[in-house]
Amino acid sequence: MKFYNTLTRNKEEFVPRDSGKVGIYVCGPTVYGYVHIGNARPYVFFAVMARYLRSIGYEVNLVENITDVDDKIIERAGKEGVPAEQVAETYAQAYLKDTDALGLGRPDIEPMATRHIPEIIDLCRRLVEAGMAYETGGSVYFRVGRSAGYGKLSGQKTDQMKHCELAREGESKESPLDFAVWKGAKPGEPSWDSPWGPGRPGWHIECTAMSLKYLGQSFDIHGGGQDLIFPHHENEIAQAEAVTGESFARYWMHNGMITTKEEKMSKSIGNIFLLREFLKKYDPRVLILFFLGSHYRSPLEFSTANLEEAASRLERFKNCFWKAGSLLAEAELSAAGPASQGEDLAGAIERAEAEFQAEMQDDLNTAGALAALFGLVRQINEYAVAAANTGAVDAGLLGRARDLLARLLGILGIEIGAGDYAETEVEAELLELIRQREEARRAGDFTAADAARDRVAAAGYEIRDTPQGPKLVKKT
RNA sequence: GGCGACGUGGCCGAGUGGCUAGGCAGAGGUCUGCAAAACCUCGUACAGCGGUUCGAUUCCGCUCGUCGCCUCCA
């Protein structure tokens, strides 16, 4: 299995530190606002990655932090006139609620910065003791100049950086490149006692402290959005390697940005689209399919057209399950299916599994994996046509095909179930309408038949006439 | 100024030194009272210019264009 490693800028064979186990740390959101689509991408991608790794037998420990103390949170609190802690609490809860709705489960550990202050202070202290950081004015700064290999992740050279020329006000750093690991508290800000007086963690230190705590040194995979490569991840590496002397994370994986009108979606630009708003209009699986339809490292344009396409893809999967399900429900188990189509379907089952695996093993190429699944969908549909024509179904074979599709889609986080077509337990009123429509059709009164169909449609169901009679499908 | 990514048919989007991506939309057909779903058929795409090669969309160089990072950002 190969992953693209930002550190080496190459696809590399993945070898876990501990055989059979994978430790992943992902930088989650800073909770000063509702989760937007851009935030959702790494959440979804790494959740799918963990699912896939588990499906092939790895024991996965997925750690995804929530940053609950930060300049932006304090800023927001000031604007709203509420304590910073309350802002963090409110949006952390909202983050959990909104992402829960995607149905991908939770990461194994979701550590919060404010619950790890002792670890953070300890890390700062070790940096100071090692001469890699220094206190000034109640804050502690990392000495970038002493960090060997600084810039190895981002390719940045310190002497070429723009902000070399920028001096921030109110800081007394030795070098403009130095960054805070501990920020001295200003009045009204959340703070904790430390050897350097009251203060709070710098932006990068929490991730170093928490990843080392939960995953140990030289853990497997560190991920996040591409916009975190510099300075966040670069600084995490500098801090960790300054105290451990060992490599921090061995594989760095970064997802591409979500754009709108070809511009990055970000809170500072203000062109964000909230996950909760999305979920009011779309099935959560539409978002997953939207993300998975392109490679995780590519930028992805958030547009109505692209979402509609993802929605159509979901419909195609659902229709396939519906067709296979109806056929299986009526099939006589002993019946033999159409021979030549059966061979095709048997072949398609093997091919889909093999292609799916090959694509996922190649840097988690979910777009290719989906293509493999659509290949199986087509074969199932073809088989359904042949079965309808001949009246014979090999239920075992068709069942295997459907179950494989369900299993592989499930790995990708797409579950399709009875709730999607609800053929049973339909309200009596609807059944009566269908009966009336059938009666009207037999009588040749198509105006009345269509009127009945319209009423069924108004109730949220679509009628599909099949050789076995009319069927109901839930509309989305 | 520095670092990096990318430019594929109407659209989205994989991928490859010579062999079908896939999806969406569209056209025609099958089925249907009409639909819906599904199936069948249909599109000689790889920014431009050079180079390497028997052969390049795929490798190399240049040009043009787009985007991201270098400041908070997933």
Side-chain angles (χ1 to χ4, degrees), chain A residues 6 9 26-30 32-33 35-46 70-72 75 151 154-166 168 203 223-232 234 254-259 262-269 272 289-290 293-295 297-301 303 305-313 315-316 318-320 322-323 326 355 359 362 365-375 377-378 380-386 388-389 440-442 444-446 449-450 453 457 462-467 470-471 473 475:
Chain A
T6 308
R9 301 212 164 86
V26 179
C27 287
T30 300
Y32 65 95
V35 186
H36 61 76
I37 301 299
N39 297 316
R41 193 179 196 187
Y43 172 83
V44 169
F45 170 67
F46 288 102
D70 171 82
D71 292 351
K72 291 281 188 184
E75 192 182 303
S154 61
Q156 301 288 341
K157 297 186 184 75
T158 53
D159 55 348
Q160 303 267 27
M161 286 182 198
K162 247 188 184 171
H163 73 227
C164 274
E165 302 151 25
L166 303 172
R168 286 247 194 108
W203 177 35
Q226 277 171 354
D227 53 352
L228 296 181
I229 294 172
F230 192 92
H232 186 54
E234 195 70 73
H254 293 98
N255 62 273
M257 299 294 100
I258 300 295
T259 60
E262 307 213 326
E263 186 179 46
K264 179 187 166 189
M265 182 183 289
S266 92
K267 291 182 208 172
S268 47
I269 294 173
I272 58 171
L289 281 173
F290 167 67
S294 77
H295 189 90
R297 281 188 279 117
S298 301
L300 182 54
E301 174 76 6
S303 67
N306 288 350
L307 291 178
E308 290 302 328
E309 186 186 324
S312 296
R313 286 172 169 237
E315 284 303 307
R316 187 158 168 81
K318 279 159 66 170
N319 286 331
C320 179
W322 177 78
K323 232 167 226 315
S326 324
E355 284 177 15
E359 296 288 3
D362 181 14
N365 188 347
T366 52
L370 282 173
L373 298 190
F374 279 116
V377 166
R378 164 146 281 135
I380 290 174
N381 285 334
E382 279 180 25
Y383 188 84
V385 167
N389 289 340
R441 291 177 73 202
R442 271 195 296 278
D445 183 355
F446 298 118
D450 290 348
R453 179 164 62 189
E462 179 181 291
I463 296 178
R464 291 180 185 171
D465 292 324
T466 75
K471 304 276 186 183
V473 174
K475 289 197 300 190

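Order of the sequence lines sets the chain letters (A, B, ...), proteins ahead of strands, with each chain counted from 1. None of these values were measured; they are calculated from a predicted model.
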Check every strand shown and say whether [X] touches a base, only sugar-phosphate, or nothing at a heavy-atom separation below 4.0 Å.
| X | value |
| --- | --- |
| G38(A) | base |
| S298(A) | sugar-phosphate |
| K267(A) | sugar-phosphate |
| G375(A) | nothing |
| L228(A) | sugar-phosphate |
| S154(A) | sugar-phosphate |
| N381(A) | sugar-phosphate |
| I463(A) | base |
| H254(A) | nothing |
| L373(A) | nothing |
| Q226(A) | nothing |
| F374(A) | sugar-phosphate |
| R378(A) | sugar-phosphate |
| N39(A) | base |

Watson-Crick/G-U partner (both atom distances under 3.5 Å) of [N]:
| N | result |
| --- | --- |
| rA47(B) | rU63(B) |
| rC54(B) | rG18(B) |
| rG1(B) | rC70(B) |
| rA37(B) | none |
| rC31(B) | none |

Below the 4.0 Å mark, does [N] have OP1 or OP2 next to a side-chain nitrogen or oxygen of [X]?
| X | N | value |
| --- | --- | --- |
| S294(A) | rG23(B) | no |
| R316(A) | rA38(B) | yes |
| K157(A) | rC70(B) | no |
| N319(A) | rA38(B) | yes |
| K318(A) | rA37(B) | no |
| R313(A) | rG22(B) | no |

Between [options], spot the one nearest the side chain of [X], thanks.
| X | options | result |
| --- | --- | --- |
| E309(A) | rG22(B), rA25(B), rA14(B) | rG22(B) |
| K72(A) | rG22(B), rC72(B), rC3(B) | rC72(B) |
| Q156(A) | rG33(B), rG2(B), rA74(B) | rG2(B) |
| E382(A) | rC12(B), rC40(B), rA74(B) | rC40(B) |
| F230(A) | rC24(B), rU32(B), rC69(B) | rC69(B) |

Euclidean distance, atom [atom1] of residue [X] to atom [atom2] of [N] [Å, nearest integer]:
| X | N | atom1 | atom2 | value |
| --- | --- | --- | --- | --- |
| R297(A) | rC6(B) | CZ | C1' | 12 Å |
| E359(A) | rA21(B) | CD | C1' | 9 Å |
| R453(A) | rG33(B) | CZ | P | 12 Å |
| E462(A) | rC34(B) | CD | P | 17 Å |
| E263(A) | rG68(B) | CD | P | 6 Å |
| N255(A) | rA5(B) | CG | P | 17 Å |
| R41(A) | rG68(B) | CZ | C1' | 12 Å |
| I380(A) | rA37(B) | CD1 | P | 18 Å |

For L228(A), the option from C27(A), P42(A), S154(A) that meets side-chain contact (heavy atoms from CB on, under 4.5 Å): C27(A)
P299(A) or D465(A), whichever maps to the more 5' nucleotide of RNA chain B: P299(A)
Most 5' of F446(A) and R9(A) on RNA chain B, judged by nearest nucleotide: R9(A)
Q156(A) side-chain N/O to G151(A) backbone N/O, donor-acceptor pair under 3.5 Å: no
Could you check if a side-chain atom of [X] sits within less than 4.5 angstrom of a side-chain atom of [Y], using non-hydrogen atoms only?
| X | Y | value |
| --- | --- | --- |
| V26(A) | F45(A) | no |
| I272(A) | N39(A) | no |
| F374(A) | R316(A) | yes |
| M257(A) | D227(A) | yes |

Check: R464(A) side chain, rA35(B) base, donor-acceptor under 3.5 Å: no
Check: D445(A) side chain, rG33(B) base, donor-acceptor under 3.5 Å: no
Evaluation steps, side chain to side chain contact (heavy atoms under 4.5 Å, CB included), between N365(A) and H295(A): CA-CA 6 Å; N365(A) 188 347; H295(A) 189 90; 4.3 Å; yes
Test side chain to side chain contact (heavy atoms under 4.5 Å, CB included) applied to I380(A) and K323(A), step by step: CA-CA 9 Å; I380(A) 290 174; K323(A) 232 167 226 315; 6.0 Å; no
